[in-house]
Structures are given as C-alpha cells and as structure tokens.
Trainee: 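One structure, as structure tokens, below. Some questions next.
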Protein chains: 2
Amino acid sequence: MAKARRGAERREDALSRERIVDAAIELLDEGEHGLTFRALATRLVTGPGAIYWHIASKSELLVAAGDAVVARALDEVPASATPDEAIRRIAVGVFEAIDAHPWVGAQLSRAPWPEATLQIFERIGRQVQALGVPGRAHFTSASTLVSYIIGVSVQNAAQGRLFDPSVDRADFLAAESVRWKKLDAQAYPFTRKVAAQLREHDDRDEFLAGIDLLLAGVAASL
Amino acid sequence: MAKARRGAERREDALSRERIVDAAIELLDEGEHGLTFRALATRLVTGPGAIYWHIASKSELLVAAGDAVVARALDEVPASATPDEAIRRIAVGVFEAIDAHPWVGAQLSRAPWPEATLQIFERIGRQVQALGVPGRAHFTSASTLVSYIIGVSVQNAAQGRLFDPSVDRADFLAAESVRWKKLDAQAYPFTRKVAAQLREHDDRDEFLAGIDLLLAGVAASL
DNA sequence: ACCTGAACACCGTTCAAGT
DNA sequence: ACCTGAACACCGTTCAAGT
C-alpha cells in the first residue's frame, strides 16, 4: 500500500472519515498530545484543511475515535452463560480498552452521551433486564453500573498503563510507595501505614471486586 | 480593595501563588476554557510572564487550583458519629465540590496523585480503619471507595451541573429522553425502553446508593 | 466534489530588560 | 527579588484557489 504523492497524480487512497479516524487513533495512542491537525495532515499526506471536508472539528474527531475504539472492544466481548458473567465481561472489555487507549476515557464522559457510552449502557442494560431486575429499577441499576465501569476505568487508566512498555508500572509504584512513606506523619498517618500495600494490589482485580459488590447489591433488591 | 495600576507606583497587592490560584479558580469556574495566561494576567493587572515567577506551568496551576478546591470542601465536611456516616459525608463533599467545579475532576485523576487525591484517600482510609477492616484489606477497601467517589463524581459532573443556572438540567434531560426514544429499535431496545426513567432519577441519590453497596461489601468482609 | 496550503486569531512559554 | 511585555513556536480553524 505505497502512497502516491507526486504533484498531479490522482491519489487512489482518497481521504475518508474512516481513514482519518484511524490515523487519529494511531496518533493518540502514540501520545496523549500527539493529535494535531498538522500531524494528522502530514500522516495522511495532505493539508490540514482537507480534513475539515470530512470532519467538522477536533472535538468531533475525538468523539469518533473513542466511538470506534469502544465499538471494536465490545465486538470482542465473548458470549456468556449468565447475565452476571456477561456484565463482568463487558466491564472488563471497557476497562481494558480504556487502559490501552487512556484518551478514550475523556470522550466517554461527555454530555450528551456519545455513541460509545450509549452502546455500553445498552449492553449492560440488556443484562440487567435478563437478571430479572424489576422494570422500575432498570435505569438506576444500569446507570450505576455504567458510571462505575467508566468512572473507575478512567481513574485507572490515568494512573499508568498496563500495556505501555515505556512506563514500568512496578517502578512507578515502588517510587510512589517510597513517596507515601515520607509524607507528614501528622497529616497522613493512614496513607503512610498502607504505603507498602500499594505495591501489591491489582487494579483489575479491585475493579472486578467493585463490580461484584454492585451486582450483589442489585441481586439483594430483586 | 481597589487596585493600584498606574505606571511607576509599587503595587501593594503583590502577586503571590495564592492570589494567582484564586484568580485561576475564578476563571475556570466561568468556563472550562476560560483559563489562559493572558486572561489571568489581565485579571491580575500584569503580564503573562509575571505568573511564571510564581508558578512553573499551566499544569501545575491546574493541580494547585484543584487542590485548593478539594481542601476547602473537605474542611467543610461535618463530623459524624459513625465511620459509615463519615464516609458518606466525605463522599458527598467531594461529589458536590466536583459538581460545582467540574474542571476539578480531571486534576484528581492524575498520576502521581496530587495533594487533593491523597487527602481524600487519607480521610477515607481513617474511616475504613475505624470500621474495623483488617489491616491487610486497608489499602484495597480505601482505594476502591476513592476510585468510586472520584470516578462517579467526574462522570456526573461531565453530564450537566446541578448548580450552574445557565444550564437547565430538566430541559437537558427532557431533550435527551426524546433523543433516546428515537434511537434505532434494533440496536437500542433497552435504552429506548428506559428513556422515560432518565427524567426521574437523581444523580446524587444514585451516587450514594452505590456508596452504600460498597460499604455493605466492606462490612461483609469484616 | 474534493483537496491544497497560506493566513488568521489565538495559545503556553521564554527571556532580555526594567525596577 | 519581582515584574513587564515583546517574541517564539506552536495550535485549531477558515477560505480562496485549484483540480
């Protein structure tokens, strides 16, 4: 797929919304601040103005990129025998997608809800229904789960990335643990005391433990 | 407190980190994109360069502004008789602070944790201890609660603001409800079905219901 | 219809020069 | 020590002009 780029030739690899969104995802994955219209134009072998023929603004581009990543992640969630297990798998799918693409988090939190958030809500909601939750509580149960899933996933992704090899997670936690131990004894007695535990915990496990608590709460209200 | 601003006079209202942070909070509250060094300099009756004598970067300024808002919010959390109730009040304090200053959310999610996040963790942690949670589970219980509190508060604040009079929350929800009802019937059966419930729910109540579920989970592990 | 790239109106940040 | 404001190296976005 070599690119034609000399003067008068007609490019056979025409720009399209999809190609622009894919290139934007690449740039965002290379670094939170990697997406600029100039960098995007360079990668697509065109000028910055060309992009505006297909996309209205950077904001719209970010939303579209987030939608694409989440849609692919949800497509890959395996089928489950029980609604409980299905909810756990959807949750993990979203958690890992945001962990791998931390910039996605900010897009999911927008109002009005972008396609991606609506998709997550719909998928979770169907399982809530399957769980036998009474009709009146459908919205509340689903939205509590979705808020937790997105909120905690965003929190996690902001802390450091499981999949980014350039940041050594263990080293970061070790340094943080040392920092915690040096905090003021009067102001931070608790934090100092648990500093050592910071290095042992597993974010994904804790995320799932929270999901299980919420599911237990939902089950108790049946 | 009129300001001296003529040529050679020495200003008696000298710049300071604190005055700069307070002005930054004002600008951020006036609009997510209201904080620029030029606008800040104008408000402080100086040039943009002067600010850099006191603050290293915009990033540091944002963190400092978030720390200040959270510190004030935590100071106002009333005392409680029981650890459960104390956790609920800290949670609501953070929820309302982020709701009133939505830009704070992004600052709390940074790594390494800013002062504000550390403060929330410390306050929650002490109550977890008071609850009688065994030492080994201190970190996990506290961090699960903190992730939920910050994560869901940020999610909520991004949706619309309880305290901002310029956005009518009820109107927004009504419009969203209509949008949901028009979604594709094949792709969004659940979302369409619960569209009406969107208008009745109370974000703060659901936030607290989630806290109670987590507290019940913690209690079950005692 | 689609693309090009210069131009506009901004940014955060730096720094020589002032007091 | 602290402040000033011009200057630098960028941005997102627009738009006349091309094919």
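Everything quoted here is computed from the prediction, not taken from an experiment. Proteins come first, then strands; the chains are lettered A, B, ... in the order of their sequence lines, and each starts at number 1.
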Trainee: Distance-only, no hydrogens or angles: does the B:S177 side chain make a donor-acceptor pair with backbone N or O of B:L173 under 3.5 Å?
Mentor: no
Trainee: Could you tell me whether B:F190 and B:W180 have their ring centroids closer than 6.0 angstrom?
Mentor: no
Trainee: Taking atom P of D:dC15 as reference, at what distance in whole Å does atom CD1 of A:I51 sit?
Mentor: 17 Å
Trainee: Using a cut-off of under 3.5 Å, enumerate the N/O to N/O pairs linking the protein to nucleotides 10-13 of chain C.
Mentor:
{"residue": "C:dC11", "atom": "N4", "partner": "B:R38", "partner atom": "NH2", "Å": "3.3"}
{"residue": "C:dG12", "atom": "OP1", "partner": "B:K58", "partner atom": "NZ", "Å": "2.7"}
{"residue": "C:dG12", "atom": "OP2", "partner": "B:F37", "partner atom": "N", "Å": "3.0"}
{"residue": "C:dG12", "atom": "N7", "partner": "B:R38", "partner atom": "NH1", "Å": "2.8"}
{"residue": "C:dG12", "atom": "O6", "partner": "B:R38", "partner atom": "NH2", "Å": "2.6"}
{"residue": "C:dT13", "atom": "OP2", "partner": "B:Y52", "partner atom": "OH", "Å": "2.8"}
{"residue": "C:dT13", "atom": "OP2", "partner": "B:K58", "partner atom": "N", "Å": "2.9"}
{"residue": "C:dT13", "atom": "O5'", "partner": "B:Y52", "partner atom": "OH", "Å": "3.0"}

Trainee: Can you check the B:R19 CZ to D:dC2 P distance for me, whole Å?
Mentor: 14 Å
Trainee: Measuring to OP1 and OP2 of D:dC3, would you say a side-chain N or O of B:W53 lies under 4.0 angstrom away?
Mentor: no
Trainee: Can you list every stem that DNA chain D is part of, counting only runs of 3 or more consecutive Watson-Crick or G-U wobble pairs with both distances under 3.5 Å?
Mentor: C:4-8 with D:12-16, C:12-16 with D:4-8
Trainee: Any salt bridge between B:R43 and B:E30, counting N to O under 4.0 Å?
Mentor: yes
Trainee: On a heavy-atom basis, which atom in B:F207 and which in B:S153 lie closest, and how many Å separate them?
Mentor: CE1-OG, 3.8 Å
Trainee: Using a cut-off of 6.0 Å, state whether more than 12 heavy atoms not belonging to B:E60 lie near its atom CD.
Mentor: yes
Trainee: Over all heavy atoms of both residues, which pair between A:R126 and B:A187 is shortest? Give the atoms and the distance, please.
Mentor: NH2-O, 2.8 Å
Trainee: Of all heavy-atom pairs between A:P112 and B:E176, which one has the smallest distance, and what is that distance?
Mentor: CB-OE2, 3.3 Å
Trainee: List the atom pairs, donor and acceptor, that lie under 3.5 Å between side-chain atoms in residues 66-79 of chain A and the rest of the protein, sequence neighbours left out.
Mentor:
{"residue": "A:D67", "atom": "OD1", "partner": "A:A116", "partner atom": "N", "Å": "2.9"}
{"residue": "A:R72", "atom": "NH2", "partner": "A:D22", "partner atom": "OD1", "Å": "3.0"}

